[in-house]
Amino acid sequence: MEKEMVVVLDFGGQYNQLIARRVRECNVYCEIHPHTMDIEKLRAMQPKGIILTGGPNSVYKEDSPSYSPELFSMGIPVMGICYGSQLMAHLLGGRVATAPVSEYGRTQVEIDAPDSLLFEGVSPQTICWMSHTDYIAQAPEGFRITAHTADCPVAAMENKERGLYATQFHPEVMHTAEGQKMLSDFVYRVCGCRGDWQMASFVDTTVAALKERIGDGRVLCALSGGVDSSVAAVLLSKAVGKQLTCVFVDHGLLRKNEGDEVEAVFGPNGPYNLNFIRVNAQERFYEKLAGVIEPEQKRKIIGAEFINVFEEEAKKIGAVDFLVQGTIYPDVIESGLGKSATIKSHHNVGGLPDHVDFKEIVEPLRMLFKDEVRKAGLELGIPENLVYRQPFPGPGLGIRIIGEVTAEKVHIVQDADAIYREELHKAGVDGSLGQYFAALTNMRSVGVMGDERTYDYAVALRAVNTSDFMTAEASEIPWSVLQTVMNRIINEVKGVNRVMYDLTSKPPGTIEFE
């Protein structure tokens, strides 16, 4: 039986990855593709449904992204969201114009058609997230208006006979109170999905696919000790066994004592038989990063140097055909999908050099979100303390140090981060946090310590709550805990005289600093 799928066509909006994430929460597999995707390729994928995303443009302008109107006559249900809803209206003969009143934020929506398949079980009045300056001034012929707001006459519309549905609001964001219910109604009641996207089946099919793809080839896995690369390594181990060698590169940008901790788990004395090799490459990374301050350049240098190290190790091992990486879907999306904006290059995606001396790069987790990776890890029997280990970026502390990376700065942020983690754990608040760490700013300021003037660095503390790492909000750490952390860092970490707490959500910020 073919795996059922919903395809998201990306028109450049900021919430696009959340749509795929929410659809998968319904146990329906979902992929994001650029709006430039050829319609015949889309048809060949045989999706159960198609979702058109939001975007920053006006559909009536000549240079705005569009799609073939044939999309709406393929017999496949289509749901348009925000820009996608306006595009549907525009291409099918409706009228889109600048709204007399722009709507942004939580908005009360009145459901006009409680019998709509899209609004089964949705309250007659519900709070939704609006973000638009254009609106559908007139629905296309054959459509009925199914919801409105005080300022938006077409908050939702549909043509049930053709399987076409549209919402001006964003059901994918958490601020839309019943948005998940609406997306579930679309994939199950409109598209007729079964809900066969399960981690157990993913593990089985992926192991089988890896066996077939790799055959008797030799495999090198880039193992960082984080959940992504750990799950990738165990997947490969199940698939090809002794053909796998795992290389752990200590690039000098890890958390305090982390290199030794990773070796203790995955090394020869650990529970996994992964042919583990540790490469201590701290100095060569510091040399490559000397004088570099631009974040994207740092990421690309780190990514390229990783590959150089892996190629060198592969030559020592002998002929290696495949390089395995723990790339996950948010890495792919944030590194640029089609013509969407590149938020940041991940060292294992956009940071790779043009030529890599391996037959192929294998990324078995490339289409999974973080919490799906964790589910896969549990299915593979990886212990919970490893599966739920704090996320750590591939470029490591290189992107938690603003400006030039030096050995001195690395030691400062390692020590500050260790104190922060220790105190959060002692206070019993770490378990409720999505991600937390200390970063080193490039700001130096005057302070007074022991009646003497200091001119030292400021450390920034970060803690966020998130379910999918695509959006996040700053955590409310108890003031007394922050005071304790601040006192310890300033007294125990040489070179720091100021500690700050970062309140920025994602968006507009990112979880990491660079």
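Quick caveat, the model's predicted, so the values are computed rather than measured.
Salt bridge annotation for Glu404-Lys409: absent, with no cationic side-chain nitrogen under 4.0 angstrom from a carboxylate oxygen. Salt bridge Asp415/Lys256: present, at least one basic N to carboxylate O contact under 4.0 Å. Ion pairing of Asp228 with Arg374 is absent here, as no side-chain N (NZ or NE/NH1/NH2) approaches a carboxylate O to less than 4.0 Å. Salt bridge status for Arg278 with Glu263: present, with a side-chain N to carboxylate O gap under 4.0 Å. Using a 4.0 Å cut-off between a side-chain N of Lys or Arg and a carboxylate O of Asp or Glu, Arg213 and Glu360 qualify as a salt bridge. Salt-bridge annotation for Asp430 and Arg421: absent, with no side-chain N of the basic residue lying under 4.0 Å from a carboxylate O of the acidic one. For Lys315 and Glu312, the salt-bridge test fails: no basic side-chain N is under 4.0 Å from an acidic carboxylate O.
A 4.5 Å side-chain heavy-atom check between Cys221 and Val247 finds every atom pair outside the cut-off. The side-chain heavy atoms of Cys82 and Phe11, taken from C-beta on, include no pair separated by under 4.5 Å. For the pair Val173 and Leu18, the minimum side-chain heavy-atom distance is below 4.5 Å. Contact check for Tyr457 versus Val493: no side-chain heavy atoms found under the 4.5 Å cut-off.
Between Phe285 and Phe306, the gap from one ring centroid to the other is short of 6.0 Å.
Put simply, NZ on Lys506 and CD on Glu512 are 9.0 Å apart, with the number rounded to the nearest 0.5 Å.
Here the closest heavy-atom approach between residue Thr504 and residue Arg462 is recorded as O-NH1, 2.6 Å.
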